[in-house]
Chemist: 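Right, I'll just put the structure down here and ask away after.
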Amino acid sequence: MNRRAVATWAAVVVPLWIVLILCTRWEAVQRDGWGHYLWHEHFPLTWGSLYDFAKGAYTHNNPRLGQVATFLMFTPGPWNEIFTPLLELGTFYLLVALVLGRWPRTVDDALLFMVTVAIVAVTAPQFGVMMFYRPYTGNYVFGLFVNLLFLIPFRFERGRWPLMLVLGFASGVSNEHTGPAVLGLAVAATYLMWRRDHRVRAWQLAGIVAMGAGGLALYFAPGQGIRYNGIAHQTLGEMFGERGVSGNVEVVGSLAIYMLPALVWIAIAVIARVVSPSSAARRPEYAQRRAELALLAAAVAITVTLLLSPKIGPRLYFGSCAFASAVIASMVMRQPRVARILVGAGSALVLVFVGMRCLTAYRVVGATWEARIDAALHDRPLDLTPYPIVKSRWVLADDMELPEYRALAATALQSSIMPR
């Protein structure tokens, strides 16, 4: 990597990294996070206690691998603000690598990374919450990271079977709604390589079988029935019937609605082609175009899989929006130079806006949380007045607005050992 590429990557990644670190540092304990927080306040983290937590989550709570990741994010100390931003940057980096079919390293790759992050930021619902509310980050961002890590060997066409056994099973137990599409991508890649080379590699079979086993282990986990009170095993007909035609159409059509902001990037590319027809767009390699189509198909497949989900929420569209955004970024960055300049500049402005919204919101959240911690430490009356910001795509509303959380927070902050 030459100096220009290093400088470009630094200019793109460092400001984003700083925003991620600060907002992660300022995140308050909320909602599903209280249980993790209280656990760490009363029990030491050891290999034995980690195993006990994972076993308990699988049998009686949330059986996803991401639940264990969430648990670890609440470990007292600086670990969350060190590792979570790296996880998020790594997720976007793997998205770009999956589109390119190689590790990103050039100036153009850095710009593609920036455009991808910008499109995800404005299309993925609850983007700030996904990045900085640990129960969502652990269950969905971490889950997507594992899925992408599993797919990289299939895209790069090289792997090792022992590693694929681990990655495959981990990918399978990461998320119910992304698993089938990710497994489908792996099977499709294996089939295409078999057609070309007339052979199937051991690592491919190991990954596919392991992911299938992980998916079954997740779907049939004892914790699923307890967690969803039995609705996780409703039949497809029962779920379709409860939602009705309009409800099922809404589940699938929501992806198109969430992706509407990406039309701005597409429009810039189209206008540039019309205004400068003599400027040549870059022609993608056949493998890259095929990968883009496969990722778009996976984005749709993930959304369709939600029809089988007992619960629907905006957070479940993160994987679909991420896949679709990476493809759109790749396509617009192949357009004539004027389009790439406009797209790059616009994406930089978008990220500045997103960064400022997140920093502003989480600075308030962090100050309020620190004030509550300080009051508890010095045995002063707790002020549980909700912080003066409203719920948005960047931040959750303060759960102190709800009586049950106010009581829980008062008990937790006054009786537990405060953060070390």
Side-chain angles (χ1 to χ4, degrees), residues 23-84 87 129-143 221-224 226-229 313 315 362 364-387 391 395-420:
C23 292
T24 300
R25 172 68 182 85
W26 291 333
E27 180 220 1
V29 176
Q30 288 185 273
R31 307 195 182 188
D32 291 349
W34 282 108
H36 298 290
Y37 173 80
L38 288 172
W39 194 101
H40 282 289
E41 291 304 315
H42 290 88
F43 302 100
L45 179 63
T46 64
W47 288 111
S49 63
L50 179 61
Y51 171 79
D52 289 340
F53 176 87
K55 180 181 177 181
Y58 185 78
T59 56
H60 294 93
N61 197 301
N62 180 348
R64 297 188 193 117
L65 182 61
Q67 184 72 351
V68 179
T70 302
F71 171 74
L72 291 173
M73 289 176 182
F74 280 88
T75 303
W79 313 112
N80 182 43
E81 49 260 45
I82 292 173
F83 291 107
T84 300
L87 164 70
V129 181
M130 298 300 295
M131 295 292 106
F132 309 120
Y133 173 54
R134 278 171 278 187
Y136 282 5
T137 307
N139 276 276
Y140 302 104
V141 180
F142 174 78
Q224 294 284 23
I226 298 173
R227 184 177 174 223
Y228 293 116
N229 295 318
R315 65 191 182 279
Y362 283 92
V364 173
V365 170
T368 304
W369 175 250
E370 289 298 329
R372 292 170 181 169
I373 293 292
D374 186 67
L377 281 172
H378 295 88
D379 201 25
R380 296 196 306 268
L382 288 175
D383 181 6
L384 298 181
T385 303
Y387 38 70
K391 179 181 179 180
V395 66
L396 289 172
D398 193 346
D399 52 14
M400 294 304 98
E401 296 176 354
L402 302 174
E404 61 269 29
Y405 285 117
R406 288 176 62 85
L408 178 61
T411 302
L413 293 175
Q414 288 177 334
S415 64
S416 67
I417 300 172
M418 300 316 298
R420 293 168 289 277

Chemist: Indicate the ring-plane relationship of Phe71 and Phe53, choosing parallel, tilted or perpendicular according to the 30° and 60° boundaries.
Modeler: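 The rings of Phe71 and Phe53 lie parallel, inter-plane angle below 30°.
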Chemist: Would you check if Arg64 and Tyr140 make a side-chain contact, meaning some heavy-atom pair closer than 4.5 Å?
Modeler: yes
Chemist: Can you measure from CZ (Arg25) to OH (Tyr362) and round to the nearest 0.5 angstrom?
Modeler: 15.0 Å
Chemist: With no hydrogens and no angle check, is any side-chain donor or acceptor of Gln67 less than 3.5 Å from a backbone partner on Ala57?
Modeler: no
Chemist: Spell out, as yes or no, whether a donor-acceptor pair under 3.5 Å connects the side chain of Tyr387 to the backbone of Ala367.
Modeler: no
Chemist: Among Asn139, Asp32, Asn62, whose side-chain contact (heavy atoms from CB on, under 4.5 Å) with Thr70 holds?
Modeler: Asn139
Chemist: Kindly check if the number of other-residue, nucleotide or ligand heavy atoms within 6.0 Å of CH2 (Trp79) is above 12?
Modeler: no
Chemist: Any side-chain heavy atom of Arg372 within less than 4.5 Å of one from Thr368?
Modeler: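 A side-chain contact under 4.5 Å exists here.
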Chemist: Looking only at heavy atoms, what is the nearest atom pair of Arg406 and Pro386, with distance?
Modeler: NH1-CD, 4.5 Å
Chemist: Say you draw a straight line from CD of Gln30 to CE of Met400; how long is it, rounded to the nearest 0.5 Å?
Modeler: 7.5 Å
Chemist: Output the distance between atom CZ (Arg134) and atom NE2 (His36), rounded to the nearest 0.5 Å.
Modeler: 9.5 Å
Chemist: Check for a donor-acceptor pair, side chain of Thr24 on one end and backbone N or O of Asn80 on the other, with a separation under 3.5 Å.
Modeler: no
Chemist: Got Leu50 and Leu72 here, is their nearest side-chain heavy-atom distance under 4.5 Å?
Modeler: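 They are in contact (side-chain heavy atoms under 4.5 Å apart), so the answer is yes.
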